[in-house]
Amino acid sequence: MSLVAGVVLGAISIQWVAFLVLAVVAIAAALVVVLHRSPVVGAMGLVTNFLCIAGIYVLLNAYFFAALQVIIYAGAVVVLITFVIMLLNLQPEAKGGPGVVPVALAALLGLALIAVVGRPLLEYAAPEAGPPAPDFGTVAQVGEALFTVYFYPFLAVSLALLSAMVGAVLLAKRRLED
Amino acid sequence: MPEFQHFAALPTLVPAAFGLVFLVFAPFIGSDKKWMWAFTTAAMGLTILIPAIILSKIGLYGDVLETAGVAGQYMVRTDRLALWLDILFGIAGLLALLVTPAYLERANSHRPEIYPLFLIAVSGMTAMVGSDHLVMIFVGLEVLSITLYVMCGLARERAVQVEAALKYFLLGAFSTSFLVFGLALILGATGRLDIPGIAGAVLGVGAGTLWNETLLLAGLALFLIAFAFKVGAVPFHFWVPDVYQGAPTPVTAFMAAGTKAAAFGVLLRVLYAGFSGAETIVDRWAPVIAGLAVATMVVGNVLALVQTRVKRLLAYSSVAHAGYLLLALVPATSGAHAGEIVGGPALLFYLFTYTFMTVGAFIVAALFQSDREDADHFAQFAGLWHRRPLLAAAMGVFLLSLTGIPPLGGFTGKYVIFLSVLDAGHPVLAAIMAIAAVIGAAYYLRVLMLMFIAQPEEDLAARLVTPGPARLALAVAVVATFVLGIAPFVLYDPLLTVMRAAAF
C-alpha cells in the first residue's frame, strides 16, 4: 500500500516501481530455470527472464538493446532451446538431482558471492546522473562503435561463429555417414 | 573517425584470412587432402614469418605497433611480447600439422577441414596476446576455444574421444562464464575494460579514488579462475587428462603448447600491466598465484607417478609444467623486479622450450596411436630402443628435457625460472619447485627405463610407420631442445627486451 501511496504522492518514481517489479520477476524466473524439473518450464522461465532484462534496458534508455534482447535472446535463442527440447523429447528429471550437501554448499558459496559483490553496491552512492545524450543507444551509435573501436573484436566474433558453424556441420555430417 | 593501422594486426589477420579461404575451398578439394595439408602448412610457415619480420623491424617503429583507438582503448597492441608469442603459436601449429595427416589417416577420421581450423585457432591465440583490451582478449579466447572444441570432436571413433570432446566443451563453456562474470565485475569496479584504464584505476587504490576494491578483487579472482581452467592449474585440472587422452594426438600437442602459451601471455600482460600498480592489490593476488603454482606442481607430479598410459602421463606432466610456469609469473608480475630482466623472459623462454619438448613427445605418442584403444599404453613402449633406436632416442631427449636434465632445454628453462624466483626473494617457492621436479623425474625415468632396458613384448615395428613430415618435426624439436639447452642465449638474449613496452 505504501508503495502505491508513494507513487501517488510523487515520492517514489514510477521507474523505480517498474524496476522493482522487473527485477523481482527476473530473479524469480531465473530461479525457475535453475530449479524446475521440467525443461519446457525452464525454457519458459528463461523467456520471462530475458523479457524482464529487456524491460530494464528500456528503463536505462537503451531501446535498441531492448529490441535486440527480445529478438535474439527471447526470440531466436529460446526458440532453438525449445526446438531441441521437443526434438530430444526430454523428460522431467527423474530424480531430485544432486544431493543436499552439494546444493547447500553451492547455495552457501553463491550467497557469499552475493554478499561480497552486493555489500559495496549498497554503500555506493551513485552520482546524480543527468539525462542521457540524445543519441544514446541508438542504432547509429552502436553501429559506429562496432565498426570503429570494436572493429577487431567484431571480426574475431564472426570468426568464432564461423568455426562454431563449421563444427556443427562437420559433427552432424559425420553422424549421417556412419 | 579514428585511423586504423592494420599493419599491426597482420599476425592475426594473415592466419585468419588463409583459414577462411581454405575453409571455402575445402568442399572443392574433396578427397585430395594432401593439397589442403600442403597449403595449410605453407600458410602456417607464413604465420611464423610475419611476426618474425615485424619483430626484426620493431625498433624502427617504436616499441609498440598499435591501432589508433577511441579514448585510449587500443584493441590491437603488437609489441615484443605479442610477437614472440605469435612465433611460438606458429611453431606449435606447424609441428602439430606435420604429424596430423599420418595420425588422422590411421585413426580413420581424416577430414580436410581440420587444417584451416589450425590456422583459425592460431589467429585466436594471436588476437588474445596482441591486445590491450579485455573484450578483445575474451573474443580471441572464444575463437581459440570454439575451434579447439571442434578439432577435439573431429575424431569420434571411440567413446573416450566423444567423452573428451564433450567434457572439453562443457568445462570450457563453464570457465568462459567465470571469465565473463569476472569482466563484468572489473568493469563495474573500474568503469574500463582496457588494460591502461584498469591500471589507472588500480593506481587509484593508493590515492583512495577507486570506489570499490572488493568488487575489483572479486572480478580479478573470477578472471584468474577462468585462466586457471585454461592452463589446467590445480584445482581446475580435472579435464586435462581426459581431454588430452581423448583428443586426436596432434591436436593435444597443439593444445598443450599453444593454449598454454596464449593463456600465460594474457596472464603476464594483464597482471603485470593492469594489476601491479598498487601494492595492496598485488598483495592479494600474488600469494594466490604462488599457491596455485605450488598446488599445481606438486599435485601434477604426484598424480603422474601412477599413470600407465603415455598420453595421460604427458597430460599430468603438462599440469605440472603449468605449475612451473605459474611460478614464473610471480617474479614476472609482482614485486620490485616485475618486468625487469627476471621473470618475463624466463617465463617466455620456458614456454619455448616446453613447446618443443612436449609437442615432440606428443608427436612420438601420435605415431604409436593407431586404431587400437590401448596404443599408448606403457607396454607398447617397452623395448623401443631395440626396435626403433632413433625414435627411442628422440623420445628419450624429450623426456629427459621434461625432467630437466642438462644439457637440454628443459634444464635451462627450469634453471632461469628457479633463479628468477630466488632473485625475487621467494626461496621457499624455489625449494618447492626443485622438490617437485625431483618427484617428476621418477615417472619420466620409468618410461625411459621401459624404452631402453626392457625387452619388447610384441613386435610392433612393422606397424609403426614414421612418415617424412613427422620425422622432420621430430628432428626440429630435438635440435631445438638441444640448442636451447647448450646455447640458451640465442633465444634468451633477444627475449630480455620482451617486457619493454608491455606496460605503459
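Letters go in sequence order (proteins before strands), and every chain restarts at 1.
Ser131(B) does not touch chain A: none of its heavy atoms, backbone or side chain, sits under 4.5 Å away. For chain B, no part of Leu161(A) is nearby; none of its heavy atoms comes within less than 4.5 Å. In this structure, no portion of Phe169(B) lies under 4.5 Å from any heavy atom of chain A. Neither the backbone nor the side chain of Ile137(B) comes within contact range of chain A; no heavy atoms are under 4.5 Å apart.
Open room surrounds CZ on Phe18(B); 12 or fewer heavy atoms of other groups in view lie less than 6.0 Å from it.
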Checking Leu159(A) against Leu20(B) for the side chain to side chain contact (heavy atoms under 4.5 Å, CB included) test, could you report, in this order, the C-alpha distance in whole Å, the side-chain angles of both residues, the deciding distance, and whether it holds?
CA-CA 8 Å; Leu159(A) 212 56; Leu20(B) 280 178; 4.0 Å; yes
Starting from the C-alpha separation in whole Å, work towards a yes-or-no answer on side chain to side chain contact (heavy atoms under 4.5 Å, CB included) for Ile114(B) and Leu170(A).
CA-CA 10 Å; Ile114(B) 192 169; Leu170(A) 275 182; over 6 Å; no
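Ranked by heavy-atom pairs under 4.5 Å with chain B, the list Leu113(A), Val116(A), Val117(A) is led by Val117(A). For chain A, the option among Leu144(B), Val139(B), Leu23(B), Thr147(B) with the highest count of heavy-atom pairs below 4.5 Å is Val139(B).
Here the closest heavy-atom approach between residue Ala160(A) and residue Val143(B) is recorded as CB-CG2, 3.7 Å. Looking at every heavy atom in both residues, Val149(A) comes nearest to Met75(B) through O-CG, 3.0 Å. Heavy atoms only, all atoms of each residue included: Leu117(B) and Ser163(A) are closest at CD2-CB, 4.1 Å.
Of the candidates Leu13(B), Thr12(B), Val135(B), Tyr152(A) forms a side chain to side chain contact (heavy atoms under 4.5 Å, CB included) with just one, namely Leu13(B).
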